Trainee: 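After the structure tokens below, expect a handful of questions from me.
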Amino acid sequence: MMELNLERVDYTQVGVTSPKSMKILPPAKPGAAQKVCIGDHEGVVTCFNMKKGELQTAFRSLPGSKVTRLELGGAMGSPQEKIFVSAGSEVKGFTKKGKQFLSFDSNMSEAIKSMFIYGSDLCVTGNYIFNHYNDLKDVGYYLSSDVVNDIITLIPPQNKPG
């Protein structure tokens, strides 16, 4: 029987995190190093990659409200490389270089627990509420009688002229 010896290696340390608050960004070009982005309970979003065995921090945001979810988004048909985080009832957007380009208050009465972003559509849920926004305008909601565990959105295939 083959024995496997594993060793722990710490590349960086972040604060306490929520489930689904870490993502890997797509590579900038084929063969390039991918960046890892993670949001913690102190509201800090950290994005880093490894280069020649050394940690390269792309950016680190200032502390804020507890990050409960981190998702990637972008324009339809392009790489999903914009970073979106939910903190309380607010959604913040960062570029892959760390510049904040969005700060959107959803006005939900409960904290955002899960979200989905595709193009200009933003879907967020709390414990009992689902909200759908298009271009940051409220287009629909649903109040559930039971707890909402998570959200998944299926995107229809694009109609291509024949």
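Fair warning: this is a prediction, and the values are worked out from it, not measured in the lab. Computed from heavy atoms alone, side chains included, the values below leave out hydrogens, waters and symmetry copies.
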Trainee: Distance check, rounded to the nearest 0.5 Å: L72 atom CG versus I83 atom CD1?
Mentor: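 Interatomic distance, L72 CG to I83 CD1, rounded to 0.5 Å: 7.0 Å.
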Trainee: Could you tell me which non-hydrogen atom of P26 sits nearest to which non-hydrogen atom of Q34, and how far apart they are?
Mentor: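 Looking at all heavy atoms of both residues, the shortest contact is CA-NE2, 4.1 Å.
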Trainee: With sequence neighbours excluded, what pairs up with D150 under the salt bridge (charged side-chain N to carboxylate O under 4.0 Å, His left out) test?
Mentor: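 Expected list: K20, R69.
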Trainee: Is L122 linked to I151 within one hydrophobic cluster, defined over Ile, Leu, Val, Met, Phe, Trp and Tyr using a side-chain heavy-atom separation of less than 4.5 Å?
Mentor: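 No: no chain of side-chain contacts under 4.5 Å links L122 to I151.
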Trainee: To check you understand the geometry: which heavy-atom pair defines the closest contact between G119 and M76, and what is its length?
Mentor: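 That closest heavy-atom pairing would be CA-CG, 4.0 Å.
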Trainee: List the residues meeting side chain to side chain donor-acceptor pair (under 3.5 Å) with S89, not counting sequence neighbours, and say none if there are none.
Mentor: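 Expected list: D105.
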Trainee: Under the side-chain contact (heavy atoms from CB on, under 4.5 Å) rule, collect the residues that match up with V147, sequence neighbours excluded.
Mentor: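 Scan of V147 (side-chain contact (heavy atoms from CB on, under 4.5 Å), adjacent residues dropped) gives K113, Y128, N149.
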Trainee: Tell me the closest heavy-atom pair linking S61 and G43, and the distance in Å.
Mentor: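 For S61 versus G43, the nearest heavy atoms are OG-O, 3.6 Å.
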Trainee: Going hydrophobic residue to hydrophobic residue with side-chain gaps under 4.5 angstrom, can you get from V16 over to V45?
Mentor: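 No, separate clusters.
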Trainee: Suppose we screen for side chain to side chain donor-acceptor pair (under 3.5 Å). Which residues come up paired with T68, at least two apart in sequence or across chains?
Mentor: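 Listed in chain order: S86.
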Trainee: To the nearest 0.5 Å, what is the distance between CZ (F130) and CE (M108)?
Mentor: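 Between F130 CZ and M108 CE, I get 10.0 Å after rounding to 0.5 Å.
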Trainee: Using the salt bridge (charged side-chain N to carboxylate O under 4.0 Å, His left out) criterion, which residues pair with D10? Sequence neighbours excluded.
Mentor: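 Per chain and number, D10 pairs via salt bridge (charged side-chain N to carboxylate O under 4.0 Å, His left out) with R8.
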Trainee: Considering only residues two or more places apart or on different chains, which pairs with a residue in residues 40-52 satisfy side-chain hydrogen bond (donor to acceptor under 3.5 Å, both in side chains)?
Mentor: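 Every side-chain hydrogen bond (donor to acceptor under 3.5 Å, both in side chains) pair that includes a residue of residues 40-52, provided the two are not neighbours, is S18-H41, T46-R60.
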Trainee: Sequence neighbours left out, what passes salt bridge (charged side-chain N to carboxylate O under 4.0 Å, His left out) with K23? Give chain and number order.
Mentor: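 So K23 forms a salt bridge (charged side-chain N to carboxylate O under 4.0 Å, His left out) with E71.
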Trainee: Taking atom CD1 of I24 as the centre, does the number of heavy atoms from other residues, nucleotides or ligands within less than 6.0 Å exceed 12?
Mentor: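 Incorrect, the count does not exceed 12.
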Trainee: Can you pull out every salt bridge (Lys or Arg N to Asp or Glu O under 4.0 Å) where at least one residue sits in residues 115-139? Sequence neighbours excluded, please.
Mentor: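 Of all non-adjacent pairs touching residues 115-139, none passes salt bridge (Lys or Arg N to Asp or Glu O under 4.0 Å).
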Trainee: Short question: side chain of T125, backbone of I129 - any donor-acceptor pair under 3.5 Å?
Mentor: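 Judged by distance alone, no pair lies under 3.5 Å.
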Trainee: Short question: side chain of Y133, backbone of S106 - any donor-acceptor pair under 3.5 Å?
Mentor: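 It does hold such a pair.
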Trainee: Strictly under 6.0 Å, is that where the ring centroids of F116 and F84 end up?
Mentor: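 When the ring centroids of F116 and F84 are compared, they turn out to be at least 6.0 Å apart.
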Trainee: Among the clusters formed by ILVMFWY side chains lying less than 4.5 Å apart, do V85 and I38 turn up in the same one?
Mentor: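 Not linked; separate clusters.
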Trainee: Looking at every heavy atom in both A33 and M50, which two are closest together, and how far apart are they?
Mentor: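 So the minimum-distance heavy-atom pair works out to CB-O, 3.8 Å.
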Trainee: Roughly how far apart are Y11 OH and Q56 CD, rounded to 0.5 Å?
Mentor: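 Reported to 0.5 Å precision, the distance equals 13.5 Å.
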Trainee: Kindly compute the distance separating NZ (K97) from CD (E81), expressed to the nearest 0.5 Å.
Mentor: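 Those atoms lie 10.0 Å apart.
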Trainee: M115, L143: one ILVMFWY side-chain cluster at the under-4.5 Å cut-off?
Mentor: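 Same cluster.
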Trainee: Please list, chain by chain and in numerical order, all residues satisfying side chain to side chain donor-acceptor pair (under 3.5 Å) with S103, sequence neighbours excluded.
Mentor: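 For S103, the residues satisfying side chain to side chain donor-acceptor pair (under 3.5 Å) (neighbours in sequence not counted) are E90.
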Trainee: Side chains of N5 and E3, heavy atoms from C-beta outward: is any pair under 4.5 Å?
Mentor: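 SC-SC contact between N5 and E3 confirmed.
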Trainee: What residues form a ring pair (Phe, Tyr, Trp, His ring centres under 6.0 Å) with F48, not counting sequence neighbours?
Mentor: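 None.
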Trainee: Side-chain heavy atoms under 4.5 angstrom apart, residues restricted to Ile, Leu, Val, Met, Phe, Trp, Tyr: same cluster for L55 and V9?
Mentor: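 Cluster IDs for L55 and V9 match.
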Trainee: Between atom CE of M22 and atom CG of L70, what is the distance when rounded to the nearest 0.5 Å?
Mentor: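 Separation between the atoms: 10.0 Å.
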Trainee: Distance from I152 atom CD1 to S114 atom OG, nearest 0.5 Å?
Mentor: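 Here the rounded value is 11.0 Å.
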Trainee: The criterion is ring pair (Phe, Tyr, Trp, His ring centres under 6.0 Å); which residues satisfy it with Y141, sequence neighbours excluded?
Mentor: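 Applying ring pair (Phe, Tyr, Trp, His ring centres under 6.0 Å) to Y141 gives none.
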Trainee: Donor-acceptor pair, T57 side chain versus F59 backbone, under 3.5 Å?
Mentor: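 Checked: no pair found.
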Trainee: Judged by atom type as modelled, is there a donor-acceptor pair below 3.5 Å linking the side chain of Q80 to the main-chain atoms of S78?
Mentor: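 Indeed, once roles are kept as given, a pair shorter than 3.5 Å links the two residues.
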Trainee: Any side-chain heavy-atom pair from V14 and V44 closer than 4.5 angstrom?
Mentor: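 No; the side chains remain at least 4.5 Å from each other.
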Trainee: Would you please name every residue forming a salt bridge (charged side-chain N to carboxylate O under 4.0 Å, His left out) with K92, sequence neighbours left out?
Mentor: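 With sequence neighbours excluded, K92 shows a salt bridge (charged side-chain N to carboxylate O under 4.0 Å, His left out) to no residue whatsoever.
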